[in-house]
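Remember, predicted model here, so these are calculated numbers, not experimental data. Indexing begins at 1, ligand by ligand and atom by atom, following the structure's order. Numbers here simply count residues along the sequence, with the first being 1.
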Amino acid sequence: MTPSINAEKTASMLQVQETQCPYCSVQCKMKVSEVAAPVTGERRAEYVVEGVPNNASQGRLCVKGMNAHQHALSKERLLHPLIRRNGELVTSSWHEVIQFISERFSHLQESYGADTLGVYGGGSLTNETAYLLGKFARVGLGTRYIDYNGRFCMSAAASAGSKVFGMDRGLTFRLSDIPLARCIVLAGTNIAECQPTLLPYFNEAKENGAFIIVIDPRKTATAGIADLHLQIKPGMDALLADIMMKLIIDAGAVDHQFIGDRTHGFEQLQQELAEMDLVEAAAKCGIELEQIRQAALAYGEADTAMVMTARGVEQQTDGHMAVRHFLNLVLATGNIGKPGCGYGAITGQGNGQGGREHGQKADQLPGYRSIENEQDRAYVASVWGVDPASLPGKGVSAYEMMELVHDQKIRGLFVMGSNPVVSNPNVRLVEEGLRKLDFLVVADMFLSDTARMADVVLPVTAYLENEGTLTNLEGRVLLREQGIPAPGEALHDWDILCRIAVEMGKASYFQFQSAEEIFNELREASRGGVADYYGITYERLRLEKGIYWPCPSVETTGEGLVFAERFAHVDGRASFTAETSPGWNEVSREFPLILTNGRVLPHYLTGVQTHRSPTLEARELENFVELHPTTASRHRIRDGEWVEVQSVYGSFTVRSRVKEHIREDTLFVPMHWGGIQNVNRATRPELDPYCRMPGFKTAAVTIRPLRLV
Ligand SMILES: Nc1nc2c(c(=O)[nH]1)N[C@H]1C(S)=C(S)[C@@H](COP(=O)(O)OP(=O)(O)OC[C@H]3O[C@@H](n4cnc5c(=O)[nH]c(N)nc54)[C@H](O)[C@@H]3O)O[C@H]1N2
Ligand SMILES: Nc1nc2c(c(=O)[nH]1)N[C@H]1C(S)=C(S)[C@@H](COP(=O)(O)OP(=O)(O)OC[C@H]3O[C@@H](n4cnc5c(=O)[nH]c(N)nc54)[C@H](O)[C@@H]3O)O[C@H]1N2
Ligand code: SF4
Ligand SMILES: [Mo]
């Protein structure tokens, strides 16, 4: 079935364009063309989507990319601004809503102070929009409160990379290095379902003799390609990395030269691990020690080796530390900065990388600068033409912003590119908070769960309709060109930000006529920073089809393989982590099972886009809980029946899916559904002390069938 396209757009759809997938961080390039004229009297069209060869996906596409146009061309797209009158969202005009937003924001700030407004962004936004959103909060509104959904995504790995290496770039190697690795550790990453077009790199590595180790509580499709699957108990990754580290040290497989020349702190780590009881530690991880030994030796003794982590390891209250403990393995073996080696945090969203570099984070200014550093403030203020003292200080993380909303410290919220009422942990509090807001504005393509609660909804353009740059998981900046006009009255995100800022009297700072003009300011603002985009221009991006950062001058090509000679700290050295992490184990008699969660292939995040794609929706129509047959029988649950999963925070209702491939003590639920099926009704709000990542991947729960037993 092909969705209808809206009437206003039909005439312009004859030949579509080369574009980039709106979903995950691989950013596969593709061509979308309309092939058949509408049948007489019917508004129907057929589209052909083809992968376009490029350095990351090499022309491949997964099922989400193949069908992404279905949501962009859906009848459910928002075509006009909406405003709430007598409890209902009704059509309005841009003139009216921009004026209304400006009045309400100004009034709230006059009554409660500048920081009564919050701005909440997302990792799907282009670099230009993400950059402008940071400037909009700090210069347009003058509030300290801005953060974004990447807090739930990349914050643990990003903060660990910055701490250990002095720089956070998702992959420290090129994708083309993967086939050169002789051993690959994939920890808490389900690449087969989440970045499917990367799988051939791993298959090629296998053909070249690589030994692949997957660490996951479930036998995922990714575990299916592994030579060794460590079926870990959720929340125990830091300890597992420590066991591997000790076994590598004991086997004498460390690279003393590398440790001496390029790192700090190995002795403390060695001392910390000296007394470790390996048998006891392995039991805590729920894995046979012999299996861990096999993994450690395979990694420690390989000539070239890689470690990759994703949200399984990172979305934990010790996610930051867990990543650092995996980085110990990388440093101790010297497996970084050379072909076939390195560490990779597999970035999530389409612009999950660029979106975390240019200032939509609570403590950040463009180019990975810090809002708490005087020099950084002065530099960015000079680019923006404002007094450094006028820049607000550091705000709080995404979930903490929701707590402030709940406490009515934040009374007006502007959401662009996120659906927080589904994606936050402990969503009951978030929903209550959003209801209490004096004023909620949501900019989206659809009436998302969050938009449905808004006072004003602003229709935005989709990937086929706007221009901008996105930075893929390798740190490669790519230009996505506009192909078709905006439907109805939808506007580009950046245009909306400029209009509101102009109306609020900040016209001189928001005089942009195109995405490229914003990018040129971003280049200046990032210049000399860790994520330096200065040397990247639209013209170069068109010619070179993508450029890695850091790229400090228009003459340089950008760096694909980083840390070849030195790390990014001032002294050029990386640091080991000796502090141990206790891991998580809070199950009880009342809540005896561990709830973890994640993704399935056909859906994307809170599903606002993929549920509107008939082809994708047909593959998974409703949410489910995956549980082991033994657990099912213990709780008297039959396959396919409705069950309730409950934690101390709340409960949700889904169908059971009984499967051998999950641990007996663990339940797995996808995150792509809102309402009563939302797993985040039961997730916990505790945050990692270093990076404020919520402990999404572990909650103590119980399960019961929804029938009288
Ligand atoms: N199809 C699809 N692809 C996507 C997305 C999507 O929504 N759908 N989202 C994109 C985004 S934003 C992101 S962030 C990435 C996420 O990509 P991933 O992090 O790979 O995805 P998840 O399914 O959240 O988690 C990965 C694995 O972690 C395992 N896991 C759970 N708990 C633990 C644990 O304690 N330890 C370990 N080692 N593993 C654990 C889960 O069983 C799961 O298989 O995917 C991106 N790609
Ligand atoms: N339990 C649990 N919860 C999780 C996770 C988990 O693994 N488990 N993962 C977390 C992770 S990694 C992430 S990234 C978050 C994501 O969670 P969300 O931030 O809620 O992500 P989306 O569902 O993609 O919501 C994006 C919204 O923005 C809209 N949108 C898309 N593109 C654009 C654009 O260009 N402009 C504008 N204005 N709007 C746009 C979409 O229509 C959609 O409504 O969820 C987190 N929540
Ligand atoms: S979802 Fe990711 S892997 Fe699939 S086509 Fe899009 S960018 Fe490529
Ligand atoms: Mo993510």
Flag T220 as yes when one of its N or O atoms lies below 3.5 Å from any N or O atom of ligand 1, and as no otherwise.
no
What residue pairs, at least two apart or across chains, pass salt bridge (charged side-chain N to carboxylate O under 4.0 Å, His left out) with a residue in residues 593-608?
none
Is the shortest N/O to N/O distance between S418 and ligand 2 below 3.5 Å?
yes
Below the 3.5 angstrom mark, is there an N/O of Y604, backbone or side chain, next to an N/O of ligand 1?
no
Sole candidate of N190, I191, V26 that passes side chain to side chain contact (heavy atoms under 4.5 Å, CB included) when paired with I346:
I191
Is it the case that atom CZ in R60 sees more than 12 heavy atoms from other parts of the structure closer than 6.0 Å?
yes
Side chain, backbone, both or neither: the part of V600 lying under 4.0 Å from ligand 1 by heavy atom:
backbone
If you compare all heavy atoms of T220 against all heavy atoms of D216, which two are closest, and at what distance to 0.1 Å?
CG2-OD2, 3.7 Å
Which ligand 1 atoms does H603 reach within 4.0 Å, using its non-hydrogen atoms?
1 (N), 2 (C), 6 (C), 7 (O), 8 (N)
Suppose we measure from atom 19 (O) of ligand 1 to each protein heavy atom; which comes out shortest, and what is that distance?
R311 N, 2.9 Å
Identify the protein heavy atom lying closest to atom 5 (C) of ligand 2, giving its residue, its atom name and the separation to 0.1 Å.
M671 SD, 3.4 Å
Give the numbers and elements of all ligand 1 atoms closer than 4.0 Å to a heavy atom of G188.
19 (O), 26 (C), 27 (C), 28 (O), 37 (C), 38 (N), 39 (N)
Taking the six-membered ring for Trp, are F152 and F696 closer than 6.0 Å centroid to centroid?
yes
Which atoms from ligand 1 have a heavy atom of P234 less than 4.0 Å away?
34 (C), 35 (O)
Identify the closest protein heavy atom to atom 29 (C) of ligand 2: which residue and atom is it, and at what distance?
D444 OD2, 3.2 Å
Does I215, backbone or side chain, put an N or O under 3.5 Å from an N or O of ligand 1?
yes
Test item, G123 contacting ligand 2 (heavy atom, 4.0 angstrom):
no
What do we get for R218 next to ligand 1 when only non-hydrogen atoms under 4.0 Å count, side chain, backbone, both or neither?
side chain
Only heavy atoms of G598, strictly under 4.0 Å: list the atoms of ligand 1 that pass.
22 (P), 23 (O), 24 (O)
At under 4.0 Å between heavy atoms, which part of M154 makes contact with ligand 1: side chain, backbone, both or neither?
neither
Below the 3.5 angstrom mark, is there an N/O of Q315, backbone or side chain, next to an N/O of ligand 1?
no
Location of contacts on F152 toward ligand 2, heavy atoms closer than 4.0 Å
both
Do any nitrogen or oxygen atoms of N680 lie less than 3.5 angstrom from nitrogen or oxygen atoms of ligand 2?
yes
Using a 4.0 Å cut-off to any heavy atom of H672, which atoms of ligand 1 qualify?
6 (C), 7 (O), 8 (N)
Scan D237, D242, T580 and name whichever one has a side-chain hydrogen bond (donor to acceptor under 3.5 Å, both in side chains) with H325.
D242
Per-atom filter on ligand 1: closer than 4.0 angstrom to a heavy atom of Q195 are 15 (C), 45 (O), 46 (C)
Just which atoms of ligand 1 are under 4.0 Å from any heavy atom in C24?
47 (N)
Are any of the N/O atoms in K233 less than 3.5 Å from those in ligand 1?
no
Tell me which protein heavy atom sits closest to atom 38 (N) of ligand 1, plus the residue, atom name and distance to 0.1 Å.
D237 OD1, 2.9 Å
Any nitrogen or oxygen of G235 lying under 3.5 Å from a nitrogen or oxygen in ligand 1? Just yes or no.
yes
Residue from F414, Y120, Y131 passing ring pair (Phe, Tyr, Trp, His ring centres under 6.0 Å) with F136:
F414
Protein contact of atom 32 (N) of ligand 1 - nearest heavy atom, named by residue and atom, plus distance:
T596 OG1, 3.0 Å
Would you mind telling me if ligand 2 is within reach of the side chain of V679, the backbone, both or neither, using heavy atoms under 4.0 Å?
side chain
Enumerated ligand 1 atoms positioned under 4.0 Å from heavy atoms of C153:
14 (S)
Taking atom types as modelled, is there a side-chain donor on R356 or T347 under 3.5 Å from an acceptor on the other?
yes
Looking at H71 and V608, would you say the former's side chain and the latter's main chain have a donor-acceptor pair under 3.5 Å?
no
For atom 47 (N) of ligand 1, the closest protein heavy atom turns out to be C194 O, 2.8 Å
Can you list the ligand 2 atoms lying under 4.0 Å from a non-hydrogen atom of M416?
38 (N)
Look at atom 46 (C) of ligand 1 and say which protein heavy atom is nearest, naming residue and atom and giving the distance to 0.1 Å.
G348 O, 3.6 Å
Is any side-chain heavy atom of K361 less than 4.5 Å from a side-chain heavy atom of Y148?
yes
Minimum non-hydrogen distance to atom 16 (C) of ligand 2, winning option of N466, L605, T683:
L605
Nearest protein heavy atom to atom 24 (O) of ligand 1, by residue and atom, and its distance?
R599 NH1, 2.6 Å
Does A443, backbone or side chain, put an N or O under 3.5 Å from an N or O of ligand 2?
yes
What are the atoms of ligand 2, with element, lying closer than 4.0 Å to any heavy atom of M445?
30 (N), 31 (C), 32 (N), 42 (O)
Can you confirm whether the side chains of T610 and S613 place a donor and an acceptor under 3.5 Å from each other?
no
Among R480, H492, Q482, E481, find the one that has a side-chain hydrogen bond (donor to acceptor under 3.5 Å, both in side chains) with N466.
R480
So H672 and H603, would you call those rings parallel, tilted or perpendicular, with 30° and 60° as cut-offs?
tilted
Measure the distances from the heavy atoms of M236 to every atom of ligand 1 and state whether one is below 4.0 angstrom.
no
